[in-house]
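FYI, side chains are in, hydrogens and waters are out, and symmetry mates aren't considered; it's all heavy atoms of this structure.
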Amino acid sequence: MLRLFVYGTLKRGFWNHDRFCRGVVTVEDALVRGRLFETSSGIPVLQVPEEDILAVGTTNPHADVATQALVAARMSIPEPTPDRFPKNVTGAPWGLVYGELLAFDDPETRLPAIDRLEGFHPGGPCLYRRVLVTACMNQGKVLTAWVYVAGSNIEGRFKSLPDGTWR
């Protein structure tokens, strides 16, 4: 099962949801740790702490879903493992970013289409990259999810959205 955290135009009620998310299995409110910005054209951009990134997306949707399942399984083990928790926590002033957690059962077609929409080209220049992070749901449930984020040098280029919500 592919899980994707969305915070902008892929959310319910926005222009890309019906086109790219038709057939979604579940949609739930969720949040991640990060900072939210808006470009001058009104598109949201998320930045997450590097230490929260559990994996980086590839061009292989099956491998990325397998990575998501492996990381989720390792996180569910009650005994800590050396590479299970973030290292080098910076203490930077990160906030909460609100969005939706979408689950899909067709990652082989869904993920490449959304990667194209987001301009994600592993190994090439792009505004967004797709990374695996933890997303918190209602009642404290934590799941791993892929999310499109910007690089580290976006501050000052875009308008900050300090409440963590886009529209």
Side-chain angles (χ1 to χ4, degrees), residues 1-36 43-87 94 96-124 126-150 164-167:
M1 183 71 64
L2 168 69
R3 284 188 302 275
L4 190 66
F5 177 82
V6 298
Y7 52 90
T9 66
L10 290 168
K11 291 190 304 185
R12 290 174 289 189
F14 291 94
W15 53 92
N16 282 322
H17 183 81
D18 286 342
R19 180 172 177 203
F20 290 93
C21 302
R22 183 171 289 135
V24 63
V25 176
T26 61
V27 179
E28 297 179 65
D29 291 335
L31 55 91
V32 298
R33 190 166 78 123
R35 292 185 202 125
L36 194 59
I43 302 299
V45 179
L46 174 65
Q47 185 180 40
V48 297
E50 286 295 319
E51 62 266 19
D52 287 4
I53 296 174
L54 304 169
V56 177
T58 70
T59 57
N60 184 334
H62 291 291
D64 289 349
V65 170
T67 297
Q68 182 178 9
L70 177 65
V71 170
R74 288 173 37 209
M75 290 178 63
S76 68
I77 297 170
E79 294 295 320
T81 57
D83 60 347
R84 186 173 147 203
F85 295 108
K87 300 178 182 93
W94 301 100
L96 298 177
V97 175
Y98 299 87
E100 297 175 339
L101 191 66
L102 311 179
F104 298 100
D105 60 2
D106 56 354
E108 65 282 346
T109 56
R110 186 78 60 174
L111 207 46
I114 296 176
D115 280 353
R116 280 190 300 278
L117 170 70
E118 300 293 353
F120 173 65
H121 309 288
C126 46
L127 174 62
Y128 295 100
R129 62 185 174 138
R130 182 168 40 81
V131 299
L132 187 66
V133 298
T134 56
C136 298
M137 320 279 288
N138 288 337
Q139 302 170 349
K141 185 177 176 183
V142 177
L143 296 172
T144 58
W146 293 101
V147 62
Y148 296 90
V149 301
T165 304
W166 181 75
R167 299 189 191 201

All N/O donor-acceptor pairs, side-chain side in residues 17-29, below 3.5 Å, sequence neighbours left out:
from: His17; atom 1: ND1; to: Leu10; atom 2: O; distance (Å): 2.8

Atom of [X], atom of [Y] and distance for their closest heavy-atom approach:
{"X": "Lys11", "Y": "Gly99", "value": "CD-CA, 4.2 Å"}
{"X": "Ala145", "Y": "Ala135", "value": "CB-CB, 4.4 Å"}
{"X": "Leu36", "Y": "Tyr7", "value": "CD1-CD1, 3.6 Å"}
{"X": "Ala103", "Y": "Met1", "value": "CB-SD, 3.9 Å"}
{"X": "Val56", "Y": "Ile53", "value": "CG2-CG2, 4.3 Å"}
{"X": "Pro44", "Y": "Gly8", "value": "CG-CA, 3.5 Å"}

* Please state whether the rings of Trp15 and Trp166 are parallel, tilted or perpendicular, taking 30° and 60° as the class boundaries. => perpendicular

* Taking only residues two or more places apart in sequence, or in another chain, which ones meet Thr109 in a side-chain hydrogen bond (donor to acceptor under 3.5 Å, both in side chains)? -> none

* **side-chain hydrogen bond (donor to acceptor under 3.5 Å, both in side chains) partners for Thr144, two or more places apart** => Arg3

* To do: Identify, with sequence neighbours excluded, every residue that meets ring pair (Phe, Tyr, Trp, His ring centres under 6.0 Å) alongside Tyr98.
  => none

* Determine which pairs satisfy side chain to side chain donor-acceptor pair (under 3.5 Å) with at least one residue from residues 112-124, sequence neighbours left out, and list them in order. => Asp115-Arg130, Asp115-Tyr148

* State the CD1-CH2 distance between Ile114 and Trp146, to the nearest 0.5 angstrom. => 13.5 Å

* Asked: Roughly how far, to the nearest 0.5 Å, is CG of Asp64 from OG1 of Thr58?
  -> 3.5 Å

* To do: Could you give me the CA-CA distance, side-chain angles and deciding distance for Arg35 and Val97, then say whether side-chain contact (heavy atoms from CB on, under 4.5 Å) is met?
  => CA-CA 7 Å; Arg35 292 185 202 125; Val97 175; 5.8 Å; no

* Check step by step if side-chain contact (heavy atoms from CB on, under 4.5 Å) holds for Leu46 and Val32. => CA-CA 10 Å; Leu46 174 65; Val32 298; 4.1 Å; yes

* To do: Just grab all the salt bridge (charged side-chain N to carboxylate O under 4.0 Å, His left out) pairs involving residues 96-106, residues at least two apart or on different chains.
  => Arg12-Glu100, Asp106-Arg110

* Taking Arg33 as the fixed residue, which of Thr134, Val48, Asp52 is the one that meets the side-chain contact (heavy atoms from CB on, under 4.5 Å) rule? -> Asp52

